Structure formats: C-alpha cells, structure tokens
Amino acid sequence: LYCCARPTVSLATTPATPISGTSYPELNATFSALVEDWQDNAGEAARTEIAYDLRIFSSAQYLAAGFDPDTSAPFWQAQGLTAPLDYTDGVTPSSDQVDEIPDAALPNDTYRAYARGRRYFTAAQWSPWTYLAFTVGVTPCPPPTLTATLDDAHQRITLTATPQSATGAADPLTRIERTEDGGATWEAVRGADPLAGAFGAAATVHDYEAARGVALSYRAATEATFNDVQLVSSYATAAVEGTLSRSGWNLKCPLDPALNALDVLIDKDPEWTQNEEATTFRPVGRKYPVVVSTSVGGADGALAATCHTEDEWTALEALRDYPGTLLLESPYGWARYIRIITRSWTETGAPGFARRRVACSFLEVGAP
C-alpha cells in the first residue's frame with residue numbers, strides 16, 4: 001500500500017486582476033506535490049505528472065442557488081497533465097506551472113477560476129478546489145443590438161444582430177447564445193459562433209434547434225480587434241415573445257435546414273431501446289450478482305411515417321436518404337439527435353395518388 005498527499009495548487013492570471021487590456025486573459029495554475037527518490041517515471045505507479053482540472057465561472061453562475069464547482073456548468077473548462085515533476089530532496093515539494101488561455105472571450109464581469117489536481121496513478125484522489133476571483137473590465141465596442149422573433153410557421157427563431165462600432169475597432173465578430181432554463185446555462189446558436197459582419201450592418205440567422213414549448217432568451221456580444229488585441233463587448237439580451245408550438249413531429253436537418261420536414265405524419269410512434277455497458281459477476285457465496293457499469297448509451301429506436309402527397313414524399317425521401325445527423329422533435333416536448341441506419345418503404349395506390357410509408361431505425365447521437 002502506497003499513500004501520498006494530494007497536490008496543492010495556486011492560481012494567478014496574466015495580466016493580473018483587474019484585467020483591462022484583453023478579453024482573453026491567461027490562467028496560471030501552479031501544482032505542487034512531493035516526489036520521492038524511487039519515483040523515476042519508469043512505471044505506472046511511479047508517474048509524477050499531475051492531472052488537472054481548470055474551470056471558470058461567471059458571477060451569474062457562481063452566485064446562482066445551488067452552485068457547486070463539481071456539477072455546475074462552467075463558462076470555460078480545460079483538463080490535462082502537467083509535465084513530470086522532478087525529484088528534489090524528498091522533503092521539498094516539486095512544482096509545475098500550467099498556462100491556459102480560454103478559447104472563449106470573457107465579457108466584462110467578475111469571475112472565479114477554480115482548479116484542482118490529482119496524482120496521475122490509480123486511485124489517486126482529487127485535491128480540494130482552489131479558486132481565484134478576478135475581474136475583466138476592458139473598453140470594447142458597445143454591445144450589439146439584438147432581436148429574437150418567433151417564427152412558428154417554420155419552427156424557428158429569427159435572430160438579427162447589428163454590431164456597434166467604436167474608435168479604432170475593426171473586424172467585428174458577433175456570437176449569439178441561447179438559454180432554455182432562465183439563464184442557468186447558455187448554448188451557442190448554430191451559424192452564429194461567430195457571425196462575421198460589418199459595423200452597423202444587420203446580420204440574420206435562424207435558430208432551428210431551439211427547444212419547443214419553453215421560454216427562450218438570447219444574448220449576443222461583439223468581439224473586435226483594437227490594435228491587434230481582441231476585446232469583447234458586454235452582452236445584449238433579447239427574450240422571445242411566446243413559445244414554439246409542439247403540436248406535431250418534426251424531422252430537421254441541422255446542417256441543411258432546407259431539408260426540414262415539419263409536422264410529419266408519424267403513424268407508428270418511436271419505440272426505444274437503451275443499452276448499458278455493464279459486466280455481471282457472480283461471486284461464490286453471494287446470493288445476488290455484482291453489476292459493474294461504465295455508461296448508459298443513447299436511446300435508439302425506430303419509427304414509421306406515412307405520406308399522402310407528392311410534396312410530403314419528396315421532403316421525407318430526401319431526409320430518408322440523408323447520410324448525416326437529424327433532429328427529431330416530438331409533440332411530447334423532447335428532442336433527440338439521431339442517425340438513420342436502416343430504411344424501408346412501400347408505395348401503394350394509383351400513380352399521382354400514391355400512399356407511401358417509410359420505416360426507419362436509428363441511433364441517438366450527439367449534435368453535429
């Protein structure tokens with residue numbers, strides 16, 4: 001049995017807080033741990049690297065009720081390994097500094113950076129979280145103007161953003177995000193991460209993947225170049241009046257919305273199966289088995305749809321043959337990204353008045 005102390009960590013930012021010259025500050029985390037003379041990195045048990053976990057939370061996130069750095073969604077996160085720590089004298093801890101620059105601009109706000117580490121060998125435990133509060137307060141462009149309009153006929157939200165100029169600013173990029181839970185979490189809108197444009201020129205994007213039947217809000221910020229430095233504005237926000245109806249089945253193509261089929265006539269509701277990666281052991285002398293599980297897979301299923309018109313058939317036929325990820329939206333409120341893997345269909349009746357039925361089986365997959 002070998003026991004060792006968990007690593008310690010200290011945090012800083014470059015430049016130091018308050019940060020006024022960049023929206024991309026560097027996070028500096030120094031991890032320290034004792035390295036003994038027998039640890040030469042020759043085997044798994046002798047590894048001296050430290051696995052690290054860095055997270056940044058905005059003030060709205062860390063001040064929210066029930067905040068927990070373990071489980072709350074961060075504004076930004078990075079994980080990795082330090083370089084191997086060198087042996088010194090067996091008494092003085094060795095250290096390594098990790099420098100990470102977030103890949104998302106930090107709008108003006110107060111943030112907390114959290115860090116933890118663990119020795120990189122089997123059964124090593126994470127250290128307690130350490131955090132550093134810091135403030136970003138740059139002088140960027142004004143926030144863009146933003147409108148979010150319900151378009152229920154096309155089952156989408158129409159977003160229009162106009163970047164606002166400032167002296168010395170160039171090359172505006174506007175990012176738009178959506179929340180479906182009152183601001184607890186935000187997700188980038190497809191096609192607007194970022195949305196290139198020109199100062200004073202309105203740019204429009206359609207959000208086809210917004211949840212139906214729930215209140216939606218959007219926020220947008222403009223990032224621009226000032227003397228070769230990227231600065232990001234504060235957020236403009238817009239709430240959608242009304243909600244997208246969820247009266248029928250939709251089959252959408254996130255990467256090619258022109259193929260979207262709305263209010264599809266599903267005549268056989270999806271039937272689901274969900275597999276779990278698990279191994280069962282039956283130890284001698286035990287009444288009940290021991291089940292060791294690693295993960296539960298997605299909800300895979302099958303459905304059937306009927307077409308009564310040529311237009312319905314043309315739309316469904318294109319989606320049937322599409323070799324990519326689709327978004328299945330149900331009238332029950334849920335939505336899943338799926339990948340069709342088998343297809344079958346029948347055609348009956350006189351030409352011009354044919355009744356066609358398509359049956360598909362699919363796997364649940366991640367968003368494209």
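Please read these numbers as outputs of a predicted model, since none were measured by experiment.
- Two different hydrophobic clusters hold Trp272 and Ile341 under the rule that ILVMFWY side chains link at heavy-atom gaps under 4.5 Å.
- If you look at Trp186 and Tyr218, their ring centroids are not closer than 6.0 Å.
- Tyr337 and Tyr332 fall into different hydrophobic clusters, where Ile, Leu, Val, Met, Phe, Trp and Tyr side chains are chained together by heavy-atom contacts under 4.5 Å.
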Q.
Checking Asp86 against Thr88 for the side chain to side chain donor-acceptor pair (under 3.5 Å) test, could you report, in this order, the C-alpha distance in whole Å, the side-chain angles of both residues, the deciding distance, and whether it holds?
A. CA-CA 6 Å; Asp86 295 325; Thr88 53; over 6 Å; no
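- When each of Arg178, Arg190, Lys252 is tested with Asp207 by the rule salt bridge (Lys or Arg N to Asp or Glu O under 4.0 Å), just one qualifies, namely Arg178.
- Judged by distance alone, the side chain of Arg339 and the main-chain N or O of Val365 form no donor-acceptor pair under 3.5 Å.
- Annotation: Asp68, atom CG; neighbour count of heavy atoms from other residues, nucleotides and ligands within 6.0 Å is above 12.
- Rounding to the nearest 0.5 Å places CG of Asp152 at 12.5 Å from CZ of Arg246.
- In this structure, the side chains of Arg356 and Glu310 come closer than 4.5 Å at one or more pairs of heavy atoms.
- Side chain of Gln79 to main chain of Ala51: no donor-acceptor pair is present (N/O by atom type, distance under 3.5 Å, no hydrogens or angles).
- With Trp126 as the fixed residue, the side-chain contact (heavy atoms from CB on, under 4.5 Å) test singles out one of Arg116, Arg6, Arg119: Arg116.
- With contacts defined as side-chain heavy-atom distances shorter than 4.5 Å, the pair Pro107/Asp109 does not qualify.
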Q: Begin with the C-alpha distance, continue with both residues' side-chain angles, and end with the deciding distance and a verdict on side chain to side chain donor-acceptor pair (under 3.5 Å) for Tyr24 and Glu223.
A: CA-CA 11 Å; Tyr24 290 89; Glu223 180 179 339; 2.8 Å; yes
**Q.** Stepwise side chain to side chain donor-acceptor pair (under 3.5 Å) test for Thr225 and Gln230
**A.** CA-CA 5 Å; Thr225 303; Gln230 297 298 112; 2.5 Å; yes
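- Side-chain contact between Arg355 and His308: present, with at least one pair of heavy atoms (C-beta onward) separated by less than 4.5 Å.
- Here Tyr131 and Phe57 keep their ring centres 6.0 angstrom or further from each other.
- Note that OG of Ser330 is 5.0 Å distant from CH2 of Trp249, once rounded to the nearest 0.5 Å.
- Between Glu209 and Pro254, some side-chain heavy-atom pair lies under the 4.5 Å cut-off.
- Between Phe134 and Tyr111, the ring planes are parallel. Angles under 30° get that label, and only those over 60° would be called perpendicular.
- Hydrophobic clustering of Ile, Leu, Val, Met, Phe, Trp and Tyr side chains at less than 4.5 Å, counting indirect connections, unites Tyr87 with Ile50.
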